[in-house]
Visitor: 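This is the structure I have questions about; it appears just below.
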There are 2 protein chains.
Amino acid sequence: MDDLEKYIVKRKGKSKKFAKNFEKGYESFKIGILLRQAREEVGVTQKELAEKLSTKKSAISRIENHAEDIRLSTLKSYLEALGKKLQINIQ
Amino acid sequence: MDDLEKYIVKRKGKSKKFAKNFEKGYESFKIGILLRQAREEVGVTQKELAEKLSTKKSAISRIENHAEDIRLSTLKSYLEALGKKLQINIQ
DNA sequence: ACTTTGGTTCACAAATAGGTTAACTTTGTC
DNA sequence: GACAAAGTTAACCTATTTGTGAACCAAAGT
């Protein structure tokens with residue numbers, strides 16, 4: 001079980017809603033989970049992050065919970081606002 | 001000079017149009033260059049790739065040349081159609 | 001010179017991501 | 001319980017990506 005899976009188990013325990021939504025499809029949630037994990041690691045609230053990105057906390061929440069897809073630029077700026085870097089590899 | 005840069009030099013030599021467009025901004029072209037490189041490596045034409053993705057060759061060309069941004073799902077399926085895997089890391 | 005193949009670009013339509021507001025829930029603290 | 005802070009969701013709107021067809025160019029082969 002890797003870190004992401006551990007995190008998912010933890011989050012399922014914390015949020016019944018998440019657990020239910022999660023079953024609808026792993027793939028579509030994977031990126032949101034990754035992003036939430038990154039944000040929590042840094043210890044920033046959705047509101048704080050939203051301000052750095054000149055957007056609203058609701059948009060952040062949507063990305064972390066709902067978003068079926070995301071633009072590469074959004075992904076990048078989200079992470080950069082957390083002081084992280086996005087790395088893309090092709091295998 | 002890494003592989004990507006080498007490839008860019010090569011492509012600048014082949015296409016004046018590309019060379020000119022490229023100067024307008026590196027960042028926005030980077031992903032397209034990566035994708036073209038991946039496709040050429042496999043030896044697939046834009047038309048062949050388009051068919052696998054149920055789209056048209058013009059859409060492929062746009063992604064490789066013009067596209068300012070791209071959805072994660074598009075990136076993923078493009079690469080998977082080439083038999084490659086997209087790997088995302090956060091640093 | 002003509003045709004074919006691979007690629008580029010444009011214009012328009014369709015689909016979808018992201019901005020925004022407002023109402024709501026959850027969680028923690030007093 | 002009351003309150004505040006953090007997060008969620010829905011609705012609407014706008015901006016952007018992607019689908020599509022057509023016209024075009026360059027290179028290669030006939």
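Being a predicted model, the structure only gives us computed values, none of them experimental. Every chain is numbered from 1 and lettered A, B, ... according to where its sequence line falls, protein lines coming before strand lines.
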Visitor: Would you kindly give the CD1-to-P distance between B:I70 and D:dA15, to the nearest whole Å?
Guide: 22 Å

Visitor: Taking only N and O in the side chain of A:H66, is any of them less than 4.0 Å away from OP1 or OP2 of D:dT9?
Guide: yes

Visitor: Would you compute the distance between atom CZ of A:R62 and atom CD of A:Q46 and round it to the nearest 0.5 angstrom?
Guide: 12.0 Å

Visitor: Less than 4.5 Å apart, side chain to side chain, heavy atoms only: is that true for A:L35 and A:L75?
Guide: yes

Visitor: Give one of base, sugar-phosphate or nothing for A:S61, where a contact means two heavy atoms less than 4.0 Å apart.
Guide: base

Visitor: What distance separates B:E51 CD from B:L49 CG, expressed to the nearest 0.5 Å?
Guide: 9.5 Å

Visitor: How would you list, by chain and number, every residue that makes a salt bridge (charged side-chain N to carboxylate O under 4.0 Å, His left out) with B:E48, sequence neighbours excluded?
Guide: none

Visitor: Would you say A:T74 and B:L72 make side-chain contact, with heavy atoms under 4.5 Å?
Guide: no

Visitor: Could you state the atom-to-atom distance from CG of B:N65 to C1' of C:dG7 in whole Å?
Guide: 8 Å

Visitor: Using a 3.5 Å cut-off and no angle test, enumerate the donor-acceptor pairs between side-chain atoms of residues 79-91 of chain A and protein atoms at least two apart in sequence or in another chain.
Guide:
unit_1, atom_1, unit_2, atom_2, d
A:K84, NZ, A:E41, OE2, 2.8

Visitor: Could you measure the distance from the OG atom of B:S61 to the NE2 atom of B:H66? Nearest 0.5 Å is fine.
Guide: 6.5 Å

Visitor: Just to verify, what does A:S77 make a side chain to side chain donor-acceptor pair (under 3.5 Å) with, not counting sequence neighbours?
Guide: none

Visitor: Determine: side-chain N/O of A:R36 to OP1/OP2 of D:dT8, distance under 4.0 Å, yes or no.
Guide: yes

Visitor: Answer whether the closest heavy-atom distance between the side chains of B:E64 and B:Y78 falls below 4.5 Å.
Guide: yes

Visitor: Please write out each protein N/O paired with an N/O of nucleotides 19-21 of chain D under 3.5 Å, distance rounded to 0.1 Å.
Guide:
unit_1, atom_1, unit_2, atom_2, d
D:dG19, OP2, B:T55, OG1, 3.3
D:dG19, N7, B:R62, NH2, 2.7
D:dG19, O6, B:R62, NH1, 3.1
D:dT20, OP2, B:K56, NZ, 3.4
D:dG21, O6, B:S58, OG, 2.8

Visitor: If we fit an axis to the first five pairs and another to the last five of the helix from C:dA1-D:dT30 to C:dC30-D:dG1, what angle do they make, to the nearest 10°?
Guide: 40°

Visitor: Rounded to whole Å, how long is the line connecting atom NZ of A:K47 with atom P of D:dA4?
Guide: 14 Å

Visitor: Starting from the 5' end of DNA chain D, give me the residue, B:R71 or B:K57, whose nearest nucleotide shows up first.
Guide: B:R71

Visitor: Could you give the CG-to-P distance, from A:L72 to D:dT16, as a whole number of Å?
Guide: 16 Å

Visitor: Can you tell me the distance, in whole Å, between the CD atom of A:Q46 and the P atom of D:dA5?
Guide: 16 Å

Visitor: Using a strict heavy-atom distance below 4.0 Å, which residues from residues 81-90 of chain A are in contact with DNA chain C?
Guide: none

Visitor: Taking atom P of D:dT17 as reference, at what distance in whole Å does atom CD of A:E68 sit?
Guide: 19 Å

Visitor: Please state whether the phosphate of C:dG6, meaning OP1 or OP2, lies under 4.0 angstrom from any side-chain nitrogen or oxygen of B:R39.
Guide: no

Visitor: Is there a side-chain contact between A:K47 and A:I60 (heavy atoms, below 4.5 Å)?
Guide: no

Visitor: Using atom types as modelled and distance alone, determine if a side-chain donor or acceptor of A:D69 lies under 3.5 Å from a backbone N or O of B:R71.
Guide: no

Visitor: Counting N and O atoms only, with roles assigned by atom type, does the side chain of A:R39 sit under 3.5 Å from a partner on the main chain of A:V44, one being a donor and the other an acceptor?
Guide: yes

Visitor: I need the CD-C1' distance between B:E51 and C:dT5, as an integer number of Å.
Guide: 13 Å

Visitor: Need one value for B:I60: base, sugar-phosphate or nothing, where a base atom within 4.0 Å counts as base even if backbone is also close, heavy atoms only.
Guide: nothing

Visitor: C:dG6 C1' sits how many Å from B:L49 CG, rounded?
Guide: 13 Å

